[in-house]
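In what follows, a single structure is set out as structure tokens and then discussed.
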Amino acid sequence: MQYQAPANDLRFLLFDVLGADRLHELEKYADATPDLISAVIDEAGKLAAEVIQPTNQVGDREGCSYDPETHAVTTPAGFKEAYKKFVEGGWTALDAPLEFGGQGLPHTLKFVVDEMVCSTNLSLGMYPGLTHGAISALHAHGSDELKKVFLEKLISGEWTGTMCLTEPQCGTDLGLIRSRATPNDDGSYAIEGTKIWITGGEHDLVDNIVHLVLAKLPGAPDTTKGISLFVVPKVLPDTGERNPAFCGGLEHKMGIKGSATCVMNFEGAKGWLVGEPNDGMRAMFTMMNEARLMVGMQGLGLAEMAYQESLGFARERLQSRSLSGPKNPDGPADPIIVHPDVRRMLMRQKVLNEGMRALALFTGHHLDLSVAHTDEAVRESSDDLVQLLTPVVKAFLTDEGFNNANTGLQVLGGSGFTTDWPLEQLVRDGRIARIYEGTNGIQAMDLVGRKLSLKGGQLVRSLFGVLTGYLKDNPEAPHREELKDAIKCLEEATMWLASNAPSDPEQAGSAATPYLRLMALTVIGYLWSRMAGVAGQQLEADGINKPLLESKQVSARFYFEKLLPEIHWLLGDIKTGKDSLMAFDDDHWAA
């Protein structure tokens with residue numbers, strides 16, 4: 001079926017719940033009027049459905065191809081044409097800085113576009129997606145000269161970018177990287193080493209690819225504190241010469257086959273230092289944190305497409321009769337959407353998808369406030385929320401995005417297990433999102449091991465300020481008692497970590513994943529209460545778009561009755577600690 005952008009839900013969230021229609025009141029985002037935001041939603045939806053979606057299944061069937069003689073990579077049929085239209089529409093420049101040719105629009109709008117692109121072709125969306133992270137890293141940490149050389153062409157989409165971190169021997173433990181950077185006489189560096197899992201490392205969509213590469217300088221500490229960041233182009237901008245940065249082969253993957261995932265060999269390739277020596281991890285985290293938010297949108301995008309496909313199937317597929325009596329008496333059977341178990345699956349998809357979208361856009365909105373609001377206190381508190389919620393967005397949206405795609409496949413029954421329907425591709429494509437840009441376990445450890453203690457615990461205090469402030473200001477908030485209970489559980493879990501983790505890091509490790517999930521469910525509960533409250537107010541006022549508003553109220557009830565109660569199990573998991581988890585001796589595993 002053709003993708004339908006969730007435009008009504010996006011407008012409801014952005015304008016009625018989050019207040020993003022007021023972003024144009026901030027000088028930085030003066031152009032982001034409600035009319036412009038609506039236009040972006042509509043035009044991005046058309047692009048996704050009409051240009052990007054037709055390339056999705058062919059990309060999965062064909063995949064990318066590699067020529068070992070030339071080291072060239074060819075993308076699937078239709079990718080070059082679709083990417084060209086994406087670039088011509090200015091989508092690569094949407095929220096990029098004005099001084100280098102960007103449009104300077106709010107980051108929240110990029111979240112919106114990311115979801116739509118990922119719904120319709122995740123593989124294709126990864127090429128400009130990683131480029132955006134390279135733009136941000138160079139803009140934040142590059143010299144004026146490097147910005148002048150690289151940013152305009154990256155922002156325009158004429159060039160694409162990569163992030164080259166891991167290597168065969170180290171995985172996520174980047175302190176073990178062996179790539180080396182040797183100074184040249186002209187101020188550049190010769191980069192030697194091999195990188196793996198490099199998205200878009202080589203392809204035919206553009207003529208030049210700009211790699212951001214982690215490497216160690218001579219004499220640097222052989223840990224993460226000795227890592228520097230370098231910009232290494234495929235083609236040298238000043239001479240047009242081919243830089244010796246070659247693709248050594250493609251990874252053979254279960255999904256995202258239209259995305260070129262490369263082994264990259266740097267054979268004395270010329271590069272330039274980004275930022276300060278031995279400060280590469282700080283610079284790269286600019287790119288990594290942005291990529292983590294983007295990956296969260298990948299999970300949401302795939303889940304939305306899976307929901308649309310499974311809902312369409314459930315409305316048309318005739319099988320058995322309703323338990324309460326025939327609903328299609330003139331036909332041989334009823335559509336399967338009448339069956340409680342099918343409705344349970346569809347409701348879980350719909351309610352979680354809309355909750356995850358709210359969480360993502362809530363985070364994106366605070367990202368915009370953190371860089372554009374005139375009040376320093378607002379900027380700081382919004383930045384606290386973005387830092388705290390980035391690992392939550394990445395992990396929860398990809399966990400539940402995959403689960404919802406898998407649930408969508410289950411709705412289709414045997415049809416879902418065939419390539420005749422798109423669900424199996426969505427499941428395969430979505431599985432990687434829980435792994436790359438830091439596995440979700442690493443996201444959880446980032447949350448409990450770093451984010452909770454940052455600034456003396458200020459980040460999590462900012463979140464509790466938002467949650468408890470909402471209850472204080474809204475004594476009649478929908479599902480108030482259930483939300484209050486969830487906040488209490490999250491507070492109790494946070495205090496347990498504060499009491500137990502400092503003296504025993506394994507306690508933090510055992511609690512990390514359930515704690516992240518508890519935080520996600522609680523914040524989404526807060527957002528569902530807000531959504532239900534706004535829906536109720538609008539129904540009382542004029543009732544325009546009544547089906548949407550009524551669905552919000554029913555969906556909120558489903559969330560609080562059927563999904564949020566998981567918090568009690570999660571709190572129990574956290575408070576029982578590490579003992580049973582770490583009790584096995586080596587000879588117990590195979591007993």
Side-chain angles (χ1 to χ4, degrees), residues 1-7 9-10 39-64 73-96 103 105 109-133 156-158 160-161 199-200 203-206 255-261 291 294-309 312 353 357 360 401 405 408 421-430 432-433:
M1 65 179 294
Q2 187 174 51
Y3 169 73
Q4 298 292 321
D9 192 42
L10 286 165
V40 168
I41 292 171
D42 291 339
E43 292 305 313
K46 290 179 184 177
L47 178 81
E50 298 172 6
V51 175
I52 298 176
Q53 187 180 19
T55 65
N56 194 32
Q57 286 186 306
V58 67
D60 184 59
R61 290 195 302 267
E62 291 185 7
C64 295
V73 172
T74 302
T75 54
F79 271 44
K80 289 181 72 172
E81 294 77 11
Y83 178 78
K84 181 179 179 182
K85 291 182 180 179
F86 189 84
V87 168
E88 289 173 347
W91 298 104
T92 58
L94 192 70
D95 67 333
Q103 298 173 35
L105 292 173
L109 289 182
K110 182 180 182 295
F111 282 35
V112 169
V113 176
D114 281 346
E115 180 194 335
M116 295 182 187
V117 171
C118 294
S119 283
T120 49
N121 190 338
L122 172 56
S123 292
L124 180 58
M126 292 179 71
Y127 295 97
L130 267 294
T131 303
H132 194 279
S156 70
E158 185 177 344
T160 61
T199 299
H203 58 82
D204 60 351
L205 302 182
V206 296
I256 57 169
K257 295 184 178 181
S259 172
T261 307
M294 180 191 71
V295 172
M297 300 312 293
Q298 293 177 359
L300 173 59
L302 291 172
E304 173 62 28
M305 193 68 245
Y307 170 68
Q308 292 187 21
E309 292 283 357
N353 286 359
R357 183 175 296 120
W421 295 83
L423 270 298
E424 61 86 28
Q425 182 190 340
L426 297 175
V427 171
R428 287 186 289 104
D429 285 352
I432 185 60

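Computed from a predicted model, the values in this text were never measured in an experiment.
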Report summary line: Of all heavy-atom pairs linking Ala405 and Ala306, the shortest is CA-CB, 3.6 Å
Query - Exercise: identify the closest heavy-atom pair between Gly59 and Phe79 - result: CA-CE1, 3.9 Å
Query raised in the report: Considering only heavy atoms from C-beta outward, does the side chain of Thr75 approach that of Tyr127 to under 4.5 Å?
Result: yes
Query raised in the report: Any side-chain heavy atom of Asn56 within less than 4.5 Å of one from Met305?
Result: no
**Report entry** Distance, nearest 0.5 Å, that separates OG1 of Thr261 from CE of Met126
**Finding:** 6.0 Å
Query raised in the report: So, Glu81 and Lys85, do they make that salt bridge, N to O below 4.0 Å?
Result: no
Query raised in the report: So, for Leu423 and Gly408, which heavy atoms are closest and what is the spacing to 0.1 Å?
Result: CD1-C, 3.7 Å
**Report entry** Beyond-backbone contact of Phe86 with Val117, side-chain heavy atoms, under 4.5 angstrom
**Finding:** yes
Report summary line: When rounded to the nearest 0.5 Å, the distance separating CD of Glu115 from CG of Leu302 is 10.0 Å
Query raised in the report: Between the main-chain N or O of Ser119 and the side-chain N or O of Gln53, is there a donor-acceptor pair closer than 3.5 Å?
Result: no
Query raised in the report: Can you name the closest pair of heavy atoms from Tyr3 and Glu304 and give their distance?
Result: CE1-CG, 4.4 Å
Query raised in the report: Does the side chain of Thr131 reach to within under 4.5 Å of the side chain of Thr92, using non-hydrogen atoms?
Result: no
Query raised in the report: Do Asp429 side-chain atoms and Ser123 backbone N/O form a donor-acceptor pair below 3.5 Å?
Result: no
Query raised in the report: Rounded to the nearest 0.5 Å, how far does NE2 of His132 lie from CG of Asp95?
Result: 3.0 Å
Report summary line: Separation between CG (Leu130) and CE (Met294), nearest 0.5 Å, reads 5.0 Å
Query raised in the report: Just by distance, do the side chain of Gln57 and the backbone of Pro422 share a donor-acceptor pair under 3.5 Å?
Result: no
**Report entry** Non-hydrogen side-chain atoms of Ile41 and Met116 separated by less than 4.5 Å
**Finding:** yes
Report task. Measure across Ala82 and Leu124 and return the closest heavy-atom pair with its distance rounded to 0.1 Å. Result -> CB-CD2, 3.7 Å
Query raised in the report: Is the shortest heavy-atom distance from the side chain of Met297 to the side chain of Leu300 under 4.5 Å?
Result: yes
Query raised in the report: Just how far is it from atom OH of Tyr83 to atom CG of Leu205, taken to the nearest 0.5 Å?
Result: 7.0 Å
Query raised in the report: What heavy-atom pair brings Ala44 and Val113 nearest, and what distance separates the two atoms?
Result: CB-CG2, 4.0 Å
Query raised in the report: Got Val40 and Trp91 here, is their nearest side-chain heavy-atom distance under 4.5 Å?
Result: yes
Query raised in the report: Going by an N to O cut-off under 4.0 Å, is there a salt bridge joining Lys46 and Asp42?
Result: no
Query - Side chain proximity check, Cys64 to His203, heavy atoms < 4.5 angstrom - result: no
**Report entry** Residue that, paired with Gln298, satisfies side chain to side chain contact (heavy atoms under 4.5 Å, CB included) out of Asp114, Leu122, Ile432
**Finding:** Leu122
Report summary line: Rounded to the nearest 0.5 angstrom, the CZ-CD1 distance for Arg428 and Ile256 is 11.0 Å
